[in-house]
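Only one structure is covered here, and it is reproduced in the block below.
A note on names: the letters A, B, ... follow the listed sequences, proteins ahead of strands, and every chain is numbered from 1.
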Amino acid sequence: MPQSSERLSLDYINLSQKWSEAVPNYNKQYFNIYIVRLKEMTKLLEHRIEKKWGKTYPVCKLHKLSEEKHAKCVVLGTIFKNQKLKPSILKQLAEGNQLVPQPIITHFTDKSDQLYIEDELQRYLLVSCLQCDSLVTGISCALLGTGDDKGRFVVEDYVFAGFREQVPRPLFEDSAYVVFISGLDLINSAKFAINLQLLIHWISGLVGDLSGIETSRITRVIITGNSVRNTPEPVKPSISLLSRLPDSNETFEAVKLLDKFLLQLGQTIDVDVMPGTHDPSNHILPQKPMHYCMFPEASVYKSVNQVSNPYYYSVGGIKILGTSGQPVDDITKFSEITDPLEGLEYCLKWNHIAPTAPDTLGCFPFYESDPFIIDDCPHVFFAGNQKEFSSRECIGEDGQKVTLISVPKFSETLQACILDLKSLHCHPITFQTS
Amino acid sequence: MESTAHDSQYQRLKELIYDEDKIVTTTSLAKELEVPKSDAQYLLDAFVRDTNKTNSEDLYLTFLICGKLLNNKGVGIYLAEQNKLNDKRSLFDNISGEIVYSVQKGQHIDLNVIASTNSVSENGSGPPLISKNCIKRTVRSRKLPPVQATDTAKNAAICIKNSKDTSTGKSQNTLQQNGKDCSQSSQKQNKPKQGGIVSFFAKAASKPLQNSVTLTNENKTSLKQKIEVFAEHTAKDNNQENNENKQITTEKKMDIENQDKDTKVINDQSTSKKRKKDNKNKGPNKKRKRIQEVCDSDSSDIFDNDENEDIIEMSEDEPAPTPIPIPVAVPKNKRRKAVDKTYVDDEGFYVTTTEYIYETAPEDEEKDFSRQKPVDIIQSQKKTENTALETKPTGHKGKVAKKQTNVKQRTLMSFFKKN
């Protein structure tokens with residue numbers, strides 16, 4: 001009988017409690033989250049203000065700008081981007097009676113977009129300096145400039161919360177790897193069943209070390225969302241809500257396939273499964289872990305873990321933070337940022353995982369704290385379900401080094417990502433057939 | 001020794017490919033021969049070399065090519081057929097390894113079939129690499145709550161509870177009703193054992209019904225005492241049910257309808273045929289009980305018993321093996337209701353299905369009204385054309401019309417006078 005050898009295992013800590021334990025309370029309004037966000041960011045911004053401008057300029061509240069009439073002052077607030085093309089339920093209702101079908105828009109930026117700065121009481125229109133194309137609603141910032149009597153604030157300089165403090169990462173003597181997979185789309189798995197099988201073979205060591213990577217040193221596999229499907233479930237055009245439900249059982253079969261896939265992986269390696277936009281979990285962020293009852297065969301193994309989205313964990317002392325891609329996709333829709341890595345870098349600069357929530361990205365109406373604020377700077381920051389693989393290192397103001405990873409959809413690219421924890425370099429691995 | 005073992009394994013490999021027409025991969029061969037993967041790979045490579053020497057074209061091979069791809073595209077693991085091997089090699093910058101993936105006899109290669117033969121089995125040899133967390137959890141099985149009992153102990157509990165209620169007219173009636181229930185249940189159970197007590201309770205049950213309004217306090221207390229005594233007897237007789245009784249007393253107040261619901265819950269666990277039978281049996285049983293208590297003196301409907309007898313006869317016939325029940329025949333006073341039922345299937349998945357059960361309809365008038373609606377529409381259309389004022393009444397137009405025609409047809413003169 002062929003003998004099994006033990007795989008390398010590192011210390012693992014799940015740091016995602018604030019997302020997986022969040023209790024949804026829909027009785028509160030959404031404006032509370034902006035107030036809490038600004039309140040928490042104010043402490044960081046004050047530190048940044050002092051570091052950049054010293055104590056030269058006074059910090060003034062927006063509603064007191066017209067009273068105090070400073071020559072130059074610093075204001076703190078949240079940016080609101082007024083976009084003509086932004087989807088609005090009122091527009092949908094008003095346009096519902098029109099006979100002419102409206103064109104489907106996927107990118108909502110326009111030359112007429114305007115930026116405002118808001119706090120608890122007041123709002124001012126921002127003029128000059130700030131690039132509207134690279135900003136989105138929900139960013140907390142400090143602006144240096146002057147306010148006029150016409151409700152406008154002329155910006156001369158600005159500062160964001162920036163990268164948080166980073167714990168130095170441990171040094172590894174030998175390489176240890178973490179594999180990222182995304183967008184399995186098992187509902188269409190017939191097209192790439194052999195490719196998935198090659199992946200399993202490679203991870204389980206049946207291929208050996210021919211790939212140049214010691215498979216015994218692969219410690220963990222992270223499945224970053226959209227395992228069941230990549231596209232929304234087709235809905236029948238009907239007035240009745242009940243008759244819109246699809247008749248087919250494709251989703252059930254796909255979940256069963258996912259269970260079998262996780263079983264095969266779980267027998268050989270630790271697996272973390274994140275929910276995605278189209279997975280059977282709650283739609284708005286933070287997404288709760290998928291229920292274990294959907295995986296009766298795989299959930300028996302301790303190595304199979306259902307985790308939340310966003311997901312933050314530590315493996316071997318390396319802190320890895322990431323999402324299934326919704327925040328980055330939303331940023332690219334409402335700004336001219338096209339590169340997902342650029343979007344990830346901006347998220348670290350703005351110190352917020354999902355700044356567009358709850359304006360255009362659904363989230364719970366939090367009122368005590370904003371759970372999407374980054375508390376400490378991770379070593380790796382990833383976003384799943386992207387069009388193609390890309391990875392680079394970004395450096396913060398205080399020398400923080402973060403590896404950014406864009407995990408591609410496996411169903412389209414047949415690629416997974418492998419991260420070397422020793423060097424924090426990430427490269428793709430392709431499973432192709434003739 | 002080793003050479004003989006090697007020869008036998010090689011021979012077995014040939015048999016698998018040529019005789020059994022199997023798709024042989026490294027993993028399947030290792031599992032079949034119970035050898036390490038490396039030995040299985042060596043055997044397969046040796047076999048391929050030998051077949052290349054003999055230039056046999058009966059076999060089709062697939063190869064696994066691993067290495068670094070061109071243009072810094074990372075690592076690639078490619079599965080290639082024998083005839084496309086060179087094309088795939090050209091995509092690599094540096095090939096770190098090339099092994100035989102599968103061997104099969106025949107012309108056509110289906111990669112999905114190869115994938116399915118090469119799956120990591122649960123109860124087989126297992127993967128070569130295992131993490132220390134790849135162990136099964138200790139699973140605790142869930143126990144379903146106990147089924148609620150539907151025996152006289154419940155009735156006793158009801159009687160005890162209701163006797164503690166305030167002495168109002170309502171409580172009198174409840175006592176009477178529960179006295180009925182107690183007596184009914186007592187009649188059920190006590191028939192084979194306690195003949196004397198049965199006769200005692202039979203008289204006591206009939207009395208409050210006859211003199212329902214004129215119960216005095218003395219009669220109330222005596223009735224209470226009797227009911228309490230009865231409760232004690234039933235509790236002693238049914239020792240097993242006492243434990244369940246305690247559970248039941250803490251539950252909500254049990255009425256007859258709740259008892260029926262419980263019986264329905266128990267019946268839902270059985271097949272649909274049995275449900276229909278039980279539902280059919282419930283109706284006549286209810287009627288049967290009531291009629292036995294009341295019909296001798298109070299019932300004015302002569303034909304009640306006949307209907308019950310018919311139903312009883314039907315229920316007697318039902319246990320006979322009948323084939324598929326006809327879904328079209330909806331029994332009287334029954335309404336089809338959709339109920340969601342959740343259960344665990346063989347694969348361990350929770351499945352929720354919608355099943356239809358029959359329930360007693362609340363009122364017969366609604367059914368009559370619903371049946372008459374299309375007729376009413378037609379009649380109303382006709383009458384609106386004639387601009388008659390008699391279209392206003394809705395539900396009973398047919399009957400009213402008939403009645404009117406009946407009335408009108410008495411005399412011709414009355415018909416013309418009304419106009």
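- In this structure, the separation between CD1 on B:I130 and CD1 on A:I269 is 12.0 Å, given to the nearest 0.5 Å.
- Of the inter-residue distances, the one linking B:N133 atom CG with A:R220 atom CZ reads 7.5 Å to the nearest 0.5 angstrom.
- Around the CG atom of B:D19, the shell of radius 6.0 Å holds more than 12 heavy atoms that belong to other residues, nucleotides or ligands.
- In this structure, chain A has a heavy atom under 4.5 Å from the side chain of B:L64, while its backbone stays farther away.
- Here the closest non-hydrogen pair linking B:I77 and A:L198 is O-CD1, 4.2 Å.
- A:T268 contributes a side-chain N or O that, together with a main-chain N or O of B:L129, makes up a donor-acceptor pair within less than 3.5 Å.
- The stretch residues 253-262 of chain A places A:K256, A:D259 near chain B, each with some heavy atom under 4.5 Å from a heavy atom of that chain.
- Note that OG1 of A:T433 is 11.0 Å distant from OH of B:Y101, once rounded to the nearest 0.5 Å.
- Looking at A:S9, only its side chain comes within 4.5 Å of chain B, counting heavy atoms on both sides.
- In this structure, CD1 on A:I429 lies 15.5 Å from NZ on B:K73, to the nearest 0.5 angstrom.
- Contact of B:K68 with chain A is not made at all, since no heavy-atom distance falls under 4.5 Å.
- In this structure, chain B has a heavy atom under 4.5 Å from the backbone of A:S299, while its side chain stays farther away.
- With a 4.5 Å cut-off on side-chain heavy atoms, A:Y301 and B:R137 do not count as touching.
- Within a 6.0 Å radius of CD in A:E393, more than 12 heavy atoms belonging to other residues, nucleotides or ligands are found.
- If you take CD on A:E6 and SG on B:C134, they are separated by 9.5 Å, rounding to the nearest 0.5 Å.
- Looking at B:L69, the atoms closer than 4.5 Å to chain A (heavy atoms on both sides) all sit in the side chain, from C-beta outward.
- Atoms OH and NE2, on B:Y350 and A:H291 in that order, are 8.5 Å from each other to the nearest 0.5 Å.
- For A:L196, no part lies under 4.5 angstrom from a heavy atom of chain B.
- For B:D21, the salt bridge (charged side-chain N to carboxylate O under 4.0 Å, His left out) test picks out B:K105, with sequence neighbours left out.
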